[in-house]
Each structure stands twice: as structure tokens, then as C-alpha cells.
6 protein chains.
Amino acid sequence: MIKTPDIERPSADLIDAFDDISSATASGELYRLGLRNPHLQGLTARMPGKKVVAPALTLQFMPKREDLYDVDEYADPEKQLHRHALYHTRPGDIVVVDARADLSSGVFGEMMLTYFKGCGGIGVIIDGCIRDFPKVEELELGLWLRGVTPNFHTQTNIFPFAVNVPIACGGTVVMPGDIIVADDDGATVVPIKLAPELAKKAGEHAEWEDFSRMRLEQGGDLRKYYPLSDEARAEYEEWRRNQA
Amino acid sequence: MIKTPDIERPSADLIDAFDDISSATASGELYRLGLRNPHLQGLTARMPGKKVVAPALTLQFMPKREDLYDVDEYADPEKQLHRHALYHTRPGDIVVVDARADLSSGVFGEMMLTYFKGCGGIGVIIDGCIRDFPKVEELELGLWLRGVTPNFHTQTNIFPFAVNVPIACGGTVVMPGDIIVADDDGATVVPIKLAPELAKKAGEHAEWEDFSRMRLEQGGDLRKYYPLSDEARAEYEEWRRNQA
Amino acid sequence: MIKTPDIERPSADLIDAFDDISSATASGELYRLGLRNPHLQGLTARMPGKKVVAPALTLQFMPKREDLYDVDEYADPEKQLHRHALYHTRPGDIVVVDARADLSSGVFGEMMLTYFKGCGGIGVIIDGCIRDFPKVEELELGLWLRGVTPNFHTQTNIFPFAVNVPIACGGTVVMPGDIIVADDDGATVVPIKLAPELAKKAGEHAEWEDFSRMRLEQGGDLRKYYPLSDEARAEYEEWRRNQA
Amino acid sequence: MIKTPDIERPSADLIDAFDDISSATASGELYRLGLRNPHLQGLTARMPGKKVVAPALTLQFMPKREDLYDVDEYADPEKQLHRHALYHTRPGDIVVVDARADLSSGVFGEMMLTYFKGCGGIGVIIDGCIRDFPKVEELELGLWLRGVTPNFHTQTNIFPFAVNVPIACGGTVVMPGDIIVADDDGATVVPIKLAPELAKKAGEHAEWEDFSRMRLEQGGDLRKYYPLSDEARAEYEEWRRNQA
Amino acid sequence: MIKTPDIERPSADLIDAFDDISSATASGELYRLGLRNPHLQGLTARMPGKKVVAPALTLQFMPKREDLYDVDEYADPEKQLHRHALYHTRPGDIVVVDARADLSSGVFGEMMLTYFKGCGGIGVIIDGCIRDFPKVEELELGLWLRGVTPNFHTQTNIFPFAVNVPIACGGTVVMPGDIIVADDDGATVVPIKLAPELAKKAGEHAEWEDFSRMRLEQGGDLRKYYPLSDEARAEYEEWRRNQA
Amino acid sequence: MIKTPDIERPSADLIDAFDDISSATASGELYRLGLRNPHLQGLTARMPGKKVVAPALTLQFMPKREDLYDVDEYADPEKQLHRHALYHTRPGDIVVVDARADLSSGVFGEMMLTYFKGCGGIGVIIDGCIRDFPKVEELELGLWLRGVTPNFHTQTNIFPFAVNVPIACGGTVVMPGDIIVADDDGATVVPIKLAPELAKKAGEHAEWEDFSRMRLEQGGDLRKYYPLSDEARAEYEEWRRNQA
């Protein structure tokens with residue numbers, strides 16, 4: 001019987017701390033913490049408007065080599081590792097898949113993702129494709145994908161190789177249990193060790209930004225209002241007093 | 001005068017038999033019949049939600065070579081082969097075009113596709129682009145394309161070369177008269193000789209799938225409900241009796 | 001202090017003359033005036049349905065070279081040239097950016113584009129990405145982009161190098177002050193010197209096209225109605241009289 | 001029994017007329033005759049120093065579709081069309097193959113090309129690969145290829161589909177019987193109808209070029225010697241008299 | 001202290017059995033044993049004429065993520081895993097590296113490969129680059145690479161992540177200890193379990209091929225001599241008697 | 001009359017200081033000075049064995065736009081800017097060209113490069129192609145190119161736009177007058193301001209490296225000899241004494 005490792009999940013508090021943090025804010029702050037590019041490049045938000053913050057289950061595909069992946073053997077569905085990745089699903093999880101940028105293999109289809117949703121899964125990120133999109137769409141999961149295809153997961157070039165191991169996805173590394181912050185800008189990986197500091201920094205509300213945005217909407221001068229100049233600060237302080 | 005061959009069309013019954021068969025089901029079943037990859041890769045569904053089952057008119061473009069394609073000669077529109085492809089349109093047809101993945105040539109524009117729609121055409125698949133998308137959109141044809149462009153069909157690199165011949169499109173061969181099953185997952189080519197067997201196989205309704213899906217939505221165990229285990233089968237039989 | 005040149009803007013009349021001219025019509029007519037490919041290829045309309053006609057502010061990025069782009073120096077935001085491009089914004093402007101097709105740098109974010117909108121800017125074209133798309137979307141600017149990203153403008157490979165200079169964008173040259181005609185087909189660059197002639201030619205309303213379109217919708221013969229044959233012309237004249 | 005058409009070959013005189021014409025001269029002159037790009041792009045000269053002028057046998061591959069290409073059927077080698085292309089070989093021929101830019105199929109191997117050489121073939125152009133390069137190299141044929149591979153011709157994605165038909169190769173069209181002029185710059189296709197005029201134009205020896213080259217080698221001024229200025233012409237005339 | 005696993009090496013006899021087997025013969029025979037594509041695509045033989053048969057040490061790179069790869073930490077060279085891959089070198093080994101097709105990181109340089117050569121290493125395969133090519137060339141190792149670069153191994157996008165684990169290289173899987181057969185056609189991976197059978201099959205000398213090759217060189221008919229027809233067989237038998 | 005700026009050239013001493021510094025050493029040291037990637041990626045050394053250290057003349061191409069580049073106008077060769085780039089040639093110069101990675105335009109041909117050689121030019125770097133390679137090869141210039149083509153410099157997509165301006169080449173910026181260090185590993189750009197410090201650092205001869213290399217060749221332990229361990233240092237000191 002196949003056994004694959006589970007991931008360690010962050011506290012609900014830590015996840016909640018990212019409620020108001022966009023993928024853009026997360027990426028910019030991670031840069032300041034030393035990460036050049038935490039963006040999973042090449043994937044598109046297929047469910048516009050969705051935002052997901054979740055710990056990552058990971059699944060790794062490899063190029064198909066027929067002596068390693070015996071089709072007959074797979075008469076037994078239990079030997080298919082893409083199923084095992086989903087067995088670990090807990091409410092609030094996201095699954096992140098290195099499908100090697102393959103555009104002719106649908107890593108998951110309707111039934112797999114219905115199960116994933118049933119277990120409480122909230123997002124799917126694949127450097128590759130899903131299939132059955134017309135039905136999967138109705139599940140209202142967050143989906144960040146390279147594409148969609150009618151083909152099934154091992155129909156052409158790849159096969160599932162490992163579960164909850166470090167993977168490369170979209171040109172960056174995702175470790176099992178890292179936090180993913182994903183929205184319409186794309187997905188940012190937040191290394192789990194950096195997550196508390198990042199949440200703190202990014203969450204410090206820049207109160208004056210609301211004021212600046214308002215002034216810029218009114219045609220205010222960028223030089224004066226963003227960042228806030230000394231001259232504008234007095235104006236802001238007064239505006240703030242009036243607000244209260 | 002230019003004469004191009006017509007295609008042989010399947011019976012309405014055969015087309016109807018694909019009513020409940022998605023491109024994903026078609027592709028998976030074709031794999032079982034020996035076809036590794038019947039998916040036309042690289043094209044995107046530009047009219048989300050559309051599904052089309054139709055016999056394929058085909059049109060082949062070639063790289064432009066000015067001694068073979070004399071612009072003056074084309075003062076006579078009748079010499080433009082992309083028009084001839086559309087002349088064959090019958091109600092329920094789809095036109096499939098090898099435009100060589102070109103992103104700066106709009107194979108068809110508003111007027112051509114208005115005519116196509118007027119003749120009863122229902123879908124357009126191009127390994128390349130159309131133009132006039134803002135107006136074509138209103139025609140509500142199924143569209144699977146690599147992109148859109150403001151350029152016309154012979155503005156840059158390619159010119160129409162042959163009508164209703166075997167073509168390569170999205171990395172697979174489409175023979176004139178093959179059946180295309182296309183939806184939001186993309187387009188699957190069904191070789192006409194395999195269509196009856198495929199329709200039969202794919203159409204055998206997996207009655208237990210509705211039950212499985214319901215259980216998975218409720219958080220049921222994938223191992224138990226998909227595929228249906230012996231344990232779940234009894235549960236399913238009872239559920240089925242209750243349904244009736 | 002950094003000084004960058006402004007652009008010369010066309011008259012409002014010239015801009016208005018393009019009201020009914022699509023990017024497709026503009027591209028086709030420019031071909032007749034000798035331009036092979038005035039289409040900015042590779043960019044996608046991210047705000048479907050938007051059409052923009054506007055003079056181009058231009059911004060050029062270069063590959064990042066750390067001795068030329070000193071991060072510390074940029075403690076002073078005034079040294080960031082992407083801001084200066086926006087300082088020139090007048091109502092009705094579009095900003096066109098050569099971001100070197102980079103997919104991991106977000107040239108502008110929410111605050112910059114709020115300012116741009118506040119100044120009356122109406123469109124953004126980038127051979128590259130923006131960030132903060134979930135919020136930028138609400139500004140209802142026309143957007144033609146290669147993609148979106150959570151990363152900021154100098155996070156990875158590029159940095160802003162020059163403002164209102166000739167740039168390459170989507171494989172064609174855009175000169176500062178050229179007119180851009182952009183819609184869901186993409187963006188066409190209209191060289192400012194050719195704009196008056198183009199507006200005149202493209203604007204000559206092909207009155208018979210409305211008649212042709214109607215006939216084609218009804219299943220009329222393409223050979224008869226597009227272009228209008230002698231036979232159909234009589235029919236058209238009669239229809240026209242009846243219209244009046 | 002499979003019958004494929006032969007090509008019509010130009011006279012030996014016409015071929016000989018290209019003896020001193022490089023692929024670069026041929027391409028430049030074809031531009032003046034109206035062809036924008038007669039260069040087969042993407043292929044590399046694998047036998048440096050070889051120059052070939054020859055009429056083109058053509059071979060077209062298509063993406064593999066298993067219902068069209070039955071492996072068992074090919075127990076009979078006579079059904080393999082890549083063999084038939086070679087059956088037409090006459091002394092002085094070149095074979096040009098559209099192998100769809102595939103990098104994992106070796107269109108011809110040692111035995112096929114030994115036969116080709118035995119029949120008098122002198123060159124091979126493939127938008128794709130050969131295999132057995134270590135042995136093929138010894139045959140001293142001109143080779144212009146995208147690459148080499150250990151795989152055989154139908155091992156992965158493609159299969160031979162037609163012989164001596166118009167093909168696309170390296171982004172241009174090659175018609176059966178066109179003349180190929182190939183050297184270390186690459187391969188230029190000379191449409192057979194334009195060949196006599198091209199040979200005449202390109203062959204008109206620019207006598208002064210030898211003089212110019214000599215002066216440029218000596219550090220002479222480009223403005224004076226290339227093209228030849230009036231001032232330099234007198235100098236050239238004198239040099240020429242002294243040569244005689 | 002870092003410990004990485006060694007590989008299990010095949011017997012010298014098994015390696016020797018591949019002496020006369022080219023990468024092309026190996027790939028073709030593996031296809032008959034069920035492997036569609038055992039070719040490591042995208043790599044070029046940088047030391048023409050070299051042939052190598054060797055068991056594979058493997059090294060895996062990952063995209064650089066600065067929290068996982070601390071530059072300071074690497075003040076201690078012992079923490080650099082690309083060194084550890086080479087520590088396992090035994091005479092006759094080849095090292096195979098997944099460098100993620102990166103063209104701006106030189107996985108090994110002169111000193112590393114001098115050490116590798118000193119330990120008896122005979123070949124290097126990298127889906128990526130080496131640096132110091134002008135000096136490495138003199139070591140006369142077999143080299144199959146995507147390119148060369150002046151940059152060092154962690155200068156840009158990647159860092160060494162694991163030693164002697166399964167890797168993807170050139171679009172196929174290489175397991176530690178698999179046999180690589182590489183020559184100017186490229187590199188073929190021979191799964192260790194299939195190696196004995198493959199060596200046996202591929203080694204069965206096709207005696208009549210020498211005769212066929214001779215006849216084809218003389219302009220003999222492909223249909224008669226390859227494969228050997230019944231008619232030619234008698235001729236071959238006589239020729240063979242005369243040889244002896 | 002067209003006037004283009006010349007470059008400022010470094011002293012002969014500074015150039016000479018790079019005599020023993022490879023492109024690899026230069027790149028590695030530049031990294032230590034803060035430059036992530038000074039390598040001009042994507043170009044191949046076409047004259048193996050050549051090494052060049054030289055100040056850069058620069059030439060920038062742009063996408064062809066016919067209203068900006070009037071073919072008739074170019075009846076006057078003096079208007080062709082690629083000629084002007086060469087007019088500035090002084091002995092020991094290299095010309096670096098941003099040809100936009102175009103593979104169907106030969107930036108320079110035999111006559112231009114004969115002139116360049118005649119003026120003392122020693123190297124050519126093009127993010128694009130040259131033509132007339134069979135003859136250019138005889139000039140024995142250092143050549144780092146993306147490819148070769150029979151087409152001339154404005155035959156397809158690009159035209160020369162500016163001389164001795166900052167350019168992007170191979171994904172990095174080259175400023176006019178920067179020093180290029182190029183060999184078989186490729187070309188490294190050395191910003192002119194960093195050149196003296198770099199020459200000094202890179203030139204500090206690592207005397208012990210010769211000793212280490214010798215030991216590694218003999219099968220010495222990498223851990224002991226590279227970098228030199230304390231244990232090996234004593235051995236090295238003795239060896240050094242014996243050398244003297």
C-alpha cells in the first residue's frame with residue numbers, strides 16, 4: 001500500500017492574517033525580505049475574482065517513461081499518485097502541481113475535483129492543465145492554470161511521480177506546507193518560515209493610502225500625494241480629523 | 001474557374017449521438033481506441049460555454065511566396081481560396097483552418113463569417129486568428145482560436161492554399177469530413193470511421209457516476225466512491241431504488 | 001532634476017475622425033498606404049469591449065544592469081522614470097510601454113494608474129504586465145497587456161530607461177505622439193503623418209456594406225453580395241430608396 | 001502498389017549557371033524580383049563548406065494519427081513513403097523534407113542515405129532531424145538540418161504523408177522541382193520559373209567588386225570604394241589596365 | 001555533514017556489451033521494448049566524435065529561492081551539492097544534470113571537471129550549460145550540453161538541490177545508475193533493468209547489413225537490398241562465401 | 001549629412017590588463033561587484049578559439065516600419081546607418097548590434113566586414129545574424145552571433161535605427177565604449193567604470209590554482225585541493241619552493 005507524507009498546516013490565525021494582503025503586496029514584501037521572485041509565472045487565473053490563502057499540498061509529475069509507469073498496473077486506481085495528493089486534503093487546502101508546463105495532459109478532472117471540494121479544498125494551481133473545465137467551473141474553486149485540455153492526466157507525456165515533496169512550479173520552488181496567496185494577479189508563494197513576519201509587515205495598514213488614492217482620483221499630483229509629501233501630510237492630518 | 005471538393009457529411013443521427021459527449025470524454029475514449037492525442041492543442045475557446053459537434057470543412061494556408069500569390073491577381077475575389085472553403089458551408093458545419101499558428105493574419109473577418117453563419121455554419125477552429133472580433137462575437141458562433149488580430153488574411157506571412165484537403169491543426173491531423181467535438185476544454189477530432197463506435201462507447205451512460213458525484217460532493221471517500229467499490233455498490237443500488 | 005520631453009498631440013478633430021474606425025479597418029488601410037504590419041502583436045485586450053483612440057506617451061524599459069540602476073538611489077521616487085512618463089498625461093492620452101515582453105515585472109500598479117486616470121488618461125498598452133489587476137480593473141481604463149503579475153516594476157529583470165522616445169512594442173515601432181487605435185482585436189499604431197489620410201479613407205462609409213451584411217445574414221450568396229456584384233447593385237439601389 | 005509523382009528537372013546548363021552564385025546572392029536578387037524571404041530559416045549547415053545547387057524532391061510529414069498510420073501495416077516497407085521520396089533520386093538531386101520542426105524523429109538514417117548517395121543524390125534539407133549522424137557524415141552529402149537524434153523516423157510525433165507535393169520548409173514554400181542553392185549561410189529556394197532570370201542577373205560579374213574588396217582590405221574608405229564612387233572609378237580603370 | 005547516496009554500477013561486461021551499439025540503435029531497440037522516447041532532447045554533442053557508455057550519477061537543480069539557498073552559508077564549499085555529485089565519481093562514470101534548461105548558469109567549470117576527469121569520469125550531460133569551455137575542451141570528456149556560458153553555477157536562476165535522485169533531463173527521466181549511450185546523435189537513456197536484454201538484441205550482428213550497404217553505395221536498388229529481398233539473399237550468400 | 005557620435009576608448013593599458021582574464025572570470029568577478037548577469041545570452045562563438053577584449057561600438061535596429069524606412073531613399077547608401085556604425089572603427093574595436101534576435105536579416109556581409117577588418121576591427125557581436133559567412137570566415141574576425149542567413153540587412157523585419165547609443169543585446173545592456181570580453185564561453189560586458197577594479201581583482205593571479213589543477217588531474221581530492229585546505233597548503237608551499 002502506498003503511503004505519502006502529509007503536510008504541516010499553519011494556524012488559522014496565520015492564514016487569517018493574510019485576509020487583506022494581496023498577492024502583489026505579498027510579493028513586494030517578500031522582495032524586501034530577500035526573495036527576488038516568489039511569483040509562479042505562466043499561470044492564469046481561470047476563475048476571475050477568486051482570492052485564496054492556503055497551505056500547499058504538492059504533487060510532482062515526471063516525463064512519462066513506460067518502464068516506470070506501467071499502464072496495466074494502473075488497473076488499480078490506488079497506484080495513481082495524483083489521487084494520493086488529494087487524499088491529504090483538509091478544509092482550506094490548496095493543491096499545487098508541477099505538471100511540467102504540459103498542455104496536453106489534464107491533471108485533474110471533474111470527479112477528482114468534486115472529491116477535493118467535498119473535502120474542503122479551496123484552490124488548485126497547476127503548471128499544466130485540468131480537464132472537464134465546463135463542469136469544474138461550477139465547483140467554484142480558485143483555479144490558476146496554464147490551460148485546459150480534454151486529455152486525461154497520463155494521456156500523453158507525463159505521469160504523477162511524488163506527493164508532498166518540494167516542487168518547481170511556474171519557475172519557483174514550492175515546499176509542502178508553504179502558504180500560497182493567489183488572486184487575479186497570480187499566485188505568490190510565501191515560505192512558511194517567513195509567513196509571520198510577512199503578515200505583520202504587509203498588514204500594517206498604510207492609513208494615508210486611502211487619502212492618497214482619493215486625491216489621485218481627483219487629479220492630484222503624484223509628486224505630492226504618493227508617497228505623501230510633507231506638504232500633503234498636513235492636508236492628510238486634517239482630512240483624517242474630519243473623517244473621525 | 002476554381003473548383004474545390006466538397007466533404008462527405010455524416011448522418012444527423014451520428015451527430016446527435018454526441019449530444020451528451022464532451023470533448024474530454026471523446027478524447028479519453030479515442031485513447032482507448034488507439035489514438036494517443038486527438039486534441040487540437042494551442043487553441044482557446046473564445047466563446048465560453050459553446051459546445052459544437054460538426055463535420056469539418058478544412059482550409060490550408062501556406063507561407064506567403066510572392067511568385068505563387070500575386071496580389072494583383074486577387075483583384076478578382078473569386079481567386080481567394082478562403083472564400084471557397086466557405087462556399088461549401090451546409091447547416092451544422094464547422095470550418096477548421098491550418099493557419100500555421102500565425103498571430104498576425106486574420107483568416108476570416110466579419111463579412112465572411114456573417115455569410116458562414118447565414119449558410120448555417122456553427123463553428124470556426126483556426127490554428128491562427130480571426131479579425132473583427134468585436135462584431136464577430138455577436139454572431140454567436142463557436143470559436144476556437146489561437147488569437148485575434150486587426151490584420152487581414154494575407155497581410156503578413158501566409159496565404160490560403162487548398163480547400164478540403166487533409167490538414168495539420170493544433171498538432172494533429174484533421175481529415176475533411178472528420179467530426180469535431182469542441183467545448184470549453186478545447187477541440188477533439190473524431191476520425192469519421194471511429195465515430196460510430198466512439199459514440200456508442202462514450203454514450204453508455206455510467207449511471208452510478210451521478211451517485212458517486214453526489215457522495216463526493218458530500219465529502220465521501222474517493223477510494224469508496226470513485227470508481228464505485230463493492231461496499232459502495234450496495235449503497236448505490238439502494239439509492240437508485242429510492243430514486244425510482 | 002529629471003526632465004523628459006512631452007509629446008505633440010493631434011487635434012481633437014483628428015482623434016474624433018477615428019470614432020467609427022476599428023483597429024481592423026485602420027490596419028487594413030495602413031497596408032494600402034504601405035505599412036505591412038502596424039499591429040502590436042502579442043498583447044491581449046484585458047478590458048473586453050473597450051475601444052480607445054489616443055496619442056501615445058511612450059516609456060522604454062531596458063534589461064536591469066545594477067551599475068546603471070542603483071536601488072538606493074531610488075529612495076528618491078523622483079528618479080523613477082516610469083513616474084515621469086505619467087507626469088505628461090493629458091486627458092485622452094494612452095501610455096505605451098516597451099517592457100521587453102517581461103512576464104515578471106508589473107510596470108504600473110494601482111496607485112500609478114489611479115493617478116493616470118485622475119489626469120484623464122484613457123488607455124495603457126504594455127509589452128509586459130501590470131500588477132494590482134483586481135483593483136486596476138475598477139478604474140475602467142482600456143488595457144492591452146501581455147499579462148499580469150504580483151511583482152513590482154523593477155523586481156526582476158528590467159528597469160525604466162527613457163520617456164517619450166521611439167520604442168518597439170509588440171514587434172512594431174511606436175513614435176511618441178503616434179495615434180493608437182485599439183479595441184478587442186488589439187492595438188494598431190497609426191503614424192501621425194498618415195493619420196489624416198487614413199481617417200479620410202477609412203471613414204468613407206461603405207454604405208452598401210450594411211445592405212450586404214443583411215443579405216449575408218439571410219443566407220445570401222457571398223459571390224453576389226460581397227463585394228457587391230452588378231446584379232446585386234440594382235437590388236441595393238432599390239433597397240436604399242425604400243430605406244429613405 | 002504506391003505510385004508517387006516524379007519531378008521535372010531543369011537543364012544541366014541552368015544548374016551550372018549557379019556555380020558562382022551563393023545563397024546570399026540568390027536571396028538578395030530574388031528580393032529584387034519580388035520575393036520577400038526565400039530563405040529556409042531555422043536549419044543549420046551540418047557539413048560546413050558544402051555548397052549545393054539542385055532540383056528539389058519533396059517529402060511531407062504530418063502529425064502522427066494512429067488510425068491513419070498503422071504500425072502493423074508497415075511490416076511492408078514499401079508502404080513507407082519516405083522510401084518513395086528517395087526512389088525518385090537522380091544524380092544531382094536534393095531532397096527537401098517538411099518534418100514539422102520535430103526534434104525527436106530522425107527522418108533518414110545511414111542506410112537510406114547510403115542508397116540516396118548511391119543514386120547520385122547530393123544534398124538533404126530537413127526541417128527536422130536525421131539519425132546515424134556519425135556514419136552519415138562519412139557520405140559527404142550536403143546537410144541542412146534542424147538537428148540530429150537517435151530516434152527513427154516515426155518513433156514519436158510524425159509520419160511520412162506525401163511525396164513531391166508543395167511543402168512548407170523553414171517558413172517558406174518549396175515546390176517540387178524548384179532549385180535549391182545552399183551553402184554555409186543556409187538554403188535559398190529559387191522558384192523554377194524565376195531561375196533563368198535570376199541566374200542571368202546574379203551572374204553578371206561585378207568586376208569592380210574585386211578591386212573594391214582589395215582596397216577595403218587595405219583600409220580604404222567604404223564611402224569611396226563600396227559602392228564605387230566616381231573618384232574611385234578612375235583609380236579602378238587604371239588598376240584594371242595594369243592587371244591586363 | 002552532508003551525505004548523499006551513491007549509485008549501483010553495472011558490471012564491466014554489461015558496459016562492454018554496448019561497445020558497438022550506437023545511441024540510434026539503442027533508441028530504436030528500446031522502442032521495441034516499449035519506450036516511446038528514450039532520447040534526451042535539446043542537448044548537443046559539444047565534443048564531436050566522442051562516444052560514451054556509462055552509468056549515470058545524477059544531479060538536480062531547482063529554481064533559486066533565496067530563503068532556501070543562503071549565499072553566506074555557502075562560504076563553506078562543502079554545502080554546495082554540485083560538488084557532492086562529483087565526489088561519487090568512479091572510473092567510467094557519466095554525470096547527468098537537470099539544470100532546468102537554464103542558459104545563464106554554468107553548472108561545472110574547469111576545476112570541477114578537472115577533478116571529475118582525475119577521478120576517471122568520462123562524460124557530462126547537462127540540460128543546461130558548463131563554463132570555462134576553452135579549458136574544459138582540453139580535458140577531452142564527452143560533453144552533451146544545451147550551451148556554454150561565462151556565468152557560474154548559482155549566478156542567476158538555479159541552485160543545486162539533490163544528488164543521485166531521479167531527474168528529468170531533456171524531457172525524459174534518468175534514474176541514478178541507468179546506462180547512458182551517447183554519441184554525435186545525442187544521448188539515449190537505457191533503463192538499467194532493460195540493459196541486458198537490449199545489449200543482447202542490439203548486438204546481434206546483422207551480417208547482411210554490410211553487404212546491403214555495399215550494394216547501396218554502388219547504386220543498388222533499395223527495394224532489393226534493404227531489407228534484403230529473397231532475390232538479393234542468394235547474391236548475398238554467394239558474396240559471403242567469397243568473403244570467407 | 002548624417003552625423004553619429006563616436007565612442008570614448010579606454011587606454012591600451014586597460015585593455016591589455018584583460019589579456020589573461022576569460023569571459024568566465026570577468027562574469028564571476030562582476031557578480032561580486034554587484035552585477036547579476038553581465039553575459040550576452042543566446043549568442044554562439046562562430047569562430048572557435050578566438051578571444052577578444054575591445055571597446056564596443058553599438059548599433060541598434062528597430063522593427064521595420066515602412067513610413068520610417070523608405071526604400072527609395074536608400075538609393076543613397078550614406079543613409080544606411082549600419083554603414084555609419086562601421087565608419088567609427090578604430091584598430092582594436094568590436095561592434096555590438098541589437099538586431100532584435102532576428103534570424104532572417106544579415107546585418108553585415110562580406111564587403112562591410114572587409115572594410116571593418118581593414119580599419120582594424122577585431123570582433124563582431126550580433127543579437128541576430130550576418131550573411132556571406134563562407135567569405136566572412138576568411139577574415140578571421142571574432143564572431144559571436146545568433147545565426148547566419150543569406151538575407152541582407154533590411155530584407156525582412158528590421159532596419160538600422162541608431163549608432164553608438166545604449167542598446168540591449170542578449171538580454172543585457174551594452175553602453176557605447178563598454179569593454180567586451182568574449183571567448184568560446186560567450187561575451188561578457190564590462191561596464192567601463194568597473195573595468196579598472198575588475199582588471200585588478202581578476203588579474204590577481206591565484207598562484208595555487210596551478211598546483212590545485214595538477215593535483216586534481218592526478219585524482220587528488222576536491223575537498224583537499226579546491227579550494228586549498230590547510231593540509232594542502234603546506235604541500236603547495238613545498239611544491240612551490242621546488243618549482244623555483
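Every chain is numbered from 1 and lettered A, B, ... according to where its sequence line falls, protein lines coming before strand lines.
- With a 4.5 Å cut-off on side-chain heavy atoms, E:P227 and D:P77 count as touching.
- Taking both residues in full, the closest heavy atoms of E:S212 and D:M111 are given as CB-CE, 3.6 Å, listed atom of the first, atom of the second, then distance.
- Listed here is the closest heavy atom pair of E:D185 and D:P134: OD1-CD, 3.7 Å.
- Side-chain contact annotation: E:S27 with D:N151, donor-acceptor N/O pair under 3.5 Å present.
- The part of E:Q41 that comes within reach of chain D is its side chain, from C-beta onward, which places non-hydrogen atoms under 4.5 angstrom from that chain.
- Residues D:E137 and E:D184 approach most closely at OE1-OD2, 4.5 Å, considering heavy atoms.
- Open room surrounds NZ on E:K135; 12 or fewer heavy atoms of other groups in view lie less than 6.0 Å from it.
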Derivation and outcome, ring-ring contact (aromatic ring centres under 6.0 Å, His included), residues E:Y31 and D:F152: CA-CA 9 Å; E:Y31 184 86; D:F152 62 84; 5.0 Å; yes

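- The CG atom of D:N157 lies 8.0 Å from the CG atom of E:N37; values are rounded to the nearest 0.5 Å.
- The OH atom of E:Y226 lies 8.0 Å from the CZ atom of D:R83; values are rounded to the nearest 0.5 Å.
- For the residue pair E:H39/D:S104, the side-chain donor-acceptor check at 3.5 Å is not satisfied.
- The closest side-chain heavy-atom distance from E:R215 to D:Y115 is not below 4.5 Å.
- Here D:R131 contributes atom CZ and E:S23 contributes atom OG; the two are 8.5 Å apart, rounded to the nearest 0.5 Å.
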side-chain contact (heavy atoms from CB on, under 4.5 Å) evaluation trace for D:Y87 with E:R223: CA-CA 9 Å; D:Y87 290 163; E:R223 281 157 284 212; 3.0 Å; yes

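- Around the CD atom of E:E8, the shell of radius 6.0 Å holds no more than 12 heavy atoms that belong to other residues, nucleotides or ligands.
- Remark: the backbone N or O of D:Q155 is not paired with any side-chain donor or acceptor of E:R36 at under 3.5 angstrom.
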